[in-house]
2 protein chains.
Amino acid sequence: MVAYLEAMDKVFKALADPQRRLLLDRLFECDGLSLKDLVEGLDISRQAVAKHLHLLEDAGLVVIHWQGRVKLHYLNPIPIRQIHDRWISKFSVPRVQALVDLARDLEQSGKKGDEP
Amino acid sequence: MVAYLEAMDKVFKALADPQRRLLLDRLFECDGLSLKDLVEGLDISRQAVAKHLHLLEDAGLVVIHWQGRVKLHYLNPIPIRQIHDRWISKFSVPRVQALVDLARDLEQSGKKGDEP
DNA sequence: AAGATAGGCAACCATATGGTTGCATGTCAA
DNA sequence: TTGACATGCAACCATATGGTTGCCTATCTT
């Protein structure tokens, strides 16, 4: 149990940086990218991106697969789901989801009225 | 959209600290605690706890309600759900949940065999 | 009215974090 | 086999972060 919490600490630390979240976004929409692929569009050095990816991998949010000299990265959503389950009980899911959808709809209709 | 990402940045930063996650755990099991209540059992100063709670409040993970001179804290699970929805698509929820349950069961059976 | 209680604000400090640069290693392709 | 390419490792630096202490404000209670 304590080991689980320590493992999750790495997950939360890994998610704390916006660049790393962008990397996860990229992998979410297109799984199996290499380091070189992921460097493009981030405006920081390759070494910085590599460090980020190592943190994500160490946290278990990304799993890798070597293919020759290129390292492919895959998103692992399980820790994300575990975060969810920590503070949202099964019975409250529908209520919370309804509120999320409501908030999104309000955001949308607000956007429409922004520039008439 | 960019405002949404910036708002979520506060959420991830707030979740990055273990003490703050413990505070959320406390509120999850017993909503509506005061600062004084929450200080007990954390082994850091009241001011440190207050700072943590301010961060959680600013991130929208905790909502407060003044009752005289005592500040009551309530857990708001909506940002947690939004994290979930960012990287777990609706159609993949059953698969991911099955993997989470499997991992938990394996952890359990492993525990049993730990001390024979 | 006065002490006790619940909380806020600000300055300060040590460490953690994210970035850089420079160099090394291993694999593919001509 | 040799040069190009994909990635790893280490040292270093500026800033962010979490903690402390000291003092202030507001609200109960007697």
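Proteins come first, then strands; the chains are lettered A, B, ... in the order of their sequence lines, and each starts at number 1.
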task: Any chance you could lay out the side chain to side chain contact (heavy atoms under 4.5 Å, CB included) test for B:Arg95 and B:Gln97, step after step, and finish with the verdict?
output: CA-CA 5 Å; B:Arg95 182 178 59 83; B:Gln97 184 66 54; over 6 Å; no

task: State plainly whether the residues A:Asp85 and A:Arg81 are in salt-bridge range, i.e. N to O under 4.0 Å.
output: yes

message: Distance check needed: D:dG8 C1' versus A:Glu57 CD, whole Å only.
response: 12 Å

- line: Whole-Å distance, B:Phe12 CZ to C:dT17 C1', equals 18 Å

message: Which nucleotide wins on minimum distance to the side chain of B:Arg20, given the candidates D:dG19, C:dG7, D:dG18?
response: D:dG18

message: Once you apply a heavy-atom cut-off of 4.0 Å, does B:Lys13 come out as touching a base, just sugar-phosphate, or nothing?
response: sugar-phosphate

query: Should B:His54 be listed as having a side-chain N or O under 4.0 Å from OP1 or OP2 of C:dG8?
result: yes

field: Donor-acceptor pair present, B:Arg69 side chain and C:dT5 base, under 3.5 Å
entry: yes

query: Does B:Leu33 offer a backbone N or O that forms a donor-acceptor pair with the side chain of B:His73 under 3.5 Å?
result: yes

query: Can you tell which of D:dG19, C:dG19, D:dT7 lies closest to the side chain of A:Ile44?
result: C:dG19

query: For B:Arg46 and D:dG19, what is the distance between atoms CZ and C1' respectively, to the nearest whole Å?
result: 14 Å

query: Whole-Å distance between C:dG19 P and A:Asp43 CG?
result: 11 Å

- line: Of the listed C:dG18, D:dG18, C:dG8, the closest approach to the A:Asp17 side chain comes from C:dG18

message: Could you tell me how far apart A:Leu53 (CG) and D:dA6 (P) are, to the nearest whole angstrom?
response: 15 Å

message: Nearest to the B:Lys36 side chain among D:dT7, C:dG7, C:dG18, which nucleotide is it?
response: C:dG7

- request: Give the rounded distance in Å between these two atoms: CH2 of B:Trp66 and P of D:dT27.
  value: 9 Å

query: Between atom CG in B:Leu55 and atom C1' in D:dG18, what is the gap in whole Å?
result: 10 Å

- prompt: Does B:Gln47 get its side chain close enough to the base of D:dG22, under 3.5 Å, for a donor-acceptor pair?
  reply: yes

query: Is any side-chain nitrogen or oxygen of B:Ser45 closer than 4.0 Å to OP1 or OP2 of D:dT20?
result: yes

field: Whole-Å distance separating the CG atom of A:Leu35 from the P atom of C:dT27
entry: 16 Å

field: Main-chain N/O of A:Ser34 paired to A:Asp37 side chain as donor or acceptor, under 3.5 Å
entry: yes

message: For A:Ala16 and B:Leu72, find the nucleotide of DNA chain C closest to each by heavy atoms; which residue's nucleotide sits nearer the 5' end?
response: B:Leu72

field: D:dG18 OP1/OP2 closer than 4.0 Å to side-chain N/O of B:Lys51
entry: no

- prompt: So which one's nearest nucleotide on DNA chain C is more toward 5', A:Gly68 or B:Asp37?
  reply: B:Asp37

query: Out of A:Arg20, A:Lys10, A:Lys71, which residue meets the salt bridge (Lys or Arg N to Asp or Glu O under 4.0 Å) rule with A:Glu57?
result: A:Lys71

